[in-house]
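Just so you know, these numbers use all the heavy atoms, side chains as well, and skip hydrogens, waters and symmetry mates. Lettering of chains follows the sequences in order, A, B, ..., and the numbering in each one begins at 1.
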Number of protein chains: 2
Amino acid sequence: MTIRVVVADDQSMVRAGFRMLLAGEPDIEVVAEASNGVEAVEQAARLHPTVMLMDIRMPELNGLEATRRILAVDERIRVLVLTTFDLDEYIYEALRAGASGFVLKDDPPEQLISAIRIVAAGDALLSPAVTQRVIARFTRLPRRAPPAGFKDLTERELDVFRLMARGFSNAEIGHQLFISGTTVKTHITHILQKLHLRDRVQAVVLAHETGLLDDERE
Amino acid sequence: MTIRVVVADDQSMVRAGFRMLLAGEPDIEVVAEASNGVEAVEQAARLHPTVMLMDIRMPELNGLEATRRILAVDERIRVLVLTTFDLDEYIYEALRAGASGFVLKDDPPEQLISAIRIVAAGDALLSPAVTQRVIARFTRLPRRAPPAGFKDLTERELDVFRLMARGFSNAEIGHQLFISGTTVKTHITHILQKLHLRDRVQAVVLAHETGLLDDERE
DNA sequence: TTGGCGTTCCTACCTCGGTAGGAGGCGGGC
DNA sequence: GCCCGCCTCCTACCGAGGTAGGAACGCCAA
């Protein structure tokens, strides 16, 4: 099982460099090159490689959009983004686009090779500096600890809470739960009392900050 | 500059294994061991090592809580969590607790050594399998694209929007912006019209889903 | 059995939020 | 100059949201 790689970069020197670098690895084969995003998508659709080595800055179609289109064609292709700049927006967008890894061009060569094997195996890898940023972003997430009194909520109150947190009116909540709007009011009054909140708006804010909705929103 | 390491694990065999493994590295020195979380915190406070190798499952005090306390004492200490299980909750909690890395015990030894050097240098590193999960979690975040009409909002309307999204009443918003509550009402009416929303609750939901607040909430 | 809790529903009342419609001031562009 | 967009503020009105207080039912544990 050799790992079939397509190299997408607009500089031919860079592509040649990768070819040379990977030529020494018996389990890795560079099967094609692409000099812009459009070509990259075409090659991916035609060859279905194991791994796409993808530069971000490319003419015609940038690497991020190319990644999205490639994965739309064949989601089994593993895209390893390889770029010079570790700008935050690039990283987040690349990961959202579905990239399996993010490696910097000035990382040591053996790290790139190991990254190719890792993503080919179905795992994921980020450059250490990039990992740093992703973790920072990740931990900065507004997942505040649920306040005292949260666990006093009954099952039914949680039902109401979840719907309220999605912006529904009392009548809509009642309709979805097959109860009257006045009952919904009762539940909400209890919720606000237990959580020491003033109105439903504060409840909605709290729900999002604590990640109350994250579970059932698949 | 040698990297000074404390190994915290409740099994003495494991500690001995790490000592042996790291003995071959000239730039790494194991300066102490800890067999539970309490000892780990004590050793960290006493020796201020560069890196703490931290198991999660430990008696007395688990590795996650120990990590929090260590970083409260000296935030320069880099904690590298090293455990057998890559359970999601462990990972997220460890990163939130401030860990700089997450390595599995069945990763290859050279990867552990390289991880120690990486976190000692101030970067971060996750096991490939762990990286996979973090990315999955990360991209699953509810960062919906802002709806059409969002960019039609004026600067002042955005001011109001941001405060509204944090749960303030019209009067409170007016007070903070030095305008009257009725003016706030006017702005909100315009916001709702432009975004095609029914009431402020839906606006709050939208603000959180699109991450409107992420920027200025430092 | 009795009491408590959770769920359901009601009436009555008040406040706040949102709409409608208008008005004045200020600035920049035509 | 004039108009337009933005910001400010107002009155008046209505409906939704929230509170207070009560009531009925089922369930379960003491």
Side-chain angles (χ1 to χ4, degrees), chain A residues 144 146-210 212-213 215-216, chain B residues 144 146-210 212-213 215-216:
Chain A
R144 191 193 287 176
F150 180 82
K151 60 181 195 330
D152 293 343
L153 296 182
T154 67
E155 203 50 49
R156 203 53 167 166
E157 285 161 359
L158 275 176
D159 290 340
V160 173
F161 197 2
R162 278 185 281 257
L163 291 173
M164 175 170 59
R166 289 169 55 187
F168 292 111
S169 70
N170 288 340
E172 287 167 339
I173 295 172
H175 193 257
Q176 292 187 51
L177 296 180
F178 303 104
I179 58 180
S180 83
T182 63
T183 305
V184 175
K185 279 192 174 189
T186 306
H187 288 311
I188 288 183
T189 297
H190 293 156
I191 293 171
L192 298 181
Q193 283 171 355
K194 288 181 180 177
L195 300 181
H196 306 104
L197 301 172
R198 184 179 52 198
D199 51 36
R200 78 201 285 110
V201 183
Q202 293 190 342
V204 171
V205 172
L206 184 92
H208 281 85
E209 282 180 346
T210 56
L212 173 67
L213 296 173
D215 306 327
E216 62 266 35
Chain B
R144 191 194 285 177
F150 181 81
K151 60 182 197 326
D152 294 342
L153 296 182
T154 68
E155 203 49 49
R156 204 53 166 165
E157 285 162 358
L158 275 176
D159 291 339
V160 173
F161 197 0
R162 279 185 280 258
L163 291 173
M164 175 169 61
R166 289 170 55 188
F168 292 111
S169 70
N170 289 340
E172 288 166 339
I173 295 172
H175 192 257
Q176 291 187 51
L177 296 180
F178 304 104
I179 58 180
S180 82
T182 62
T183 305
V184 175
K185 278 191 173 191
T186 306
H187 287 311
I188 288 182
T189 297
H190 294 154
I191 293 171
L192 298 181
Q193 282 171 355
K194 288 180 181 177
L195 300 181
H196 306 105
L197 301 173
R198 184 180 50 198
D199 51 35
R200 76 201 284 109
V201 183
Q202 294 190 341
V204 171
V205 172
L206 184 93
H208 281 85
E209 282 180 345
T210 56
L212 172 68
L213 296 173
D215 306 327
E216 63 266 33

How close or far is atom [atom2] of [N] from atom [atom1] of [X], stated in whole angstroms?
X	N	atom1	atom2	answer
A:L195	D:dG18	CG	P	13 Å
A:E155	C:dT7	CD	C1'	13 Å
A:Q202	D:dG17	CD	P	16 Å
B:H190	D:dG5	NE2	C1'	11 Å
A:D199	D:dT19	CG	P	9 Å
B:Q193	C:dG21	CD	P	11 Å
A:D152	C:dG6	CG	P	9 Å
B:L158	D:dC7	CG	C1'	14 Å

- Message: So if I apply the side-chain contact (heavy atoms from CB on, under 4.5 Å) rule between B:R156 and each of B:I179, B:T186, B:T183, which one comes out positive?
- Response: B:I179
- Given C:dG18, is OP1 or OP2 found less than 4.0 Å from the side-chain N or O atoms of B:R198? no
- Query: Between B:L192 and B:R198, what is the shortest heavy-atom contact and its length?
  - Reply: CD1-O, 3.9 Å
- Please report the shortest heavy-atom distance between A:L206 and A:F161, naming the atom on each side. CD2-CZ, 4.4 Å
- Axis-to-axis angle between the two ends of the helix from C:dT1-D:dA30 to C:dC30-D:dG1 (five base pairs per end, rounded to 10 degrees): 30°
- Task: For the pair B:L163 and B:E172, evaluate side-chain contact (heavy atoms from CB on, under 4.5 Å) and give the outcome as yes or no after the intermediate values.
- Result: CA-CA 9 Å; B:L163 291 173; B:E172 288 166 339; over 6 Å; no
How many angstroms lie between atom [atom1] of [X] and atom [atom2] of [Y], to the nearest 0.5 angstrom?
X	Y	atom1	atom2	value
B:E157	B:M164	CD	CE	10.0 Å
B:H175	B:I173	NE2	CD1	13.0 Å
B:R162	B:L177	CZ	CG	9.5 Å

- With a 4.5 Å limit on heavy-atom distance, are the side chains of A:I188 and A:R200 in contact? yes
- Item | Salt-bridge present (B:E209, A:R166; N to O < 4.0 Å) | no
- Message: Side chain of A:L192, heavy atoms from C-beta onward: which of C:dA20, D:dT19, C:dG18 has the nearest atom to it?
- Response: D:dT19
- Under 4.0 Å from any atom of DNA chain D, heavy atoms only: list the residues of residues 167-189 of chain A that qualify, in numerical order. A:S169, A:N170, A:K185, A:I188, A:T189
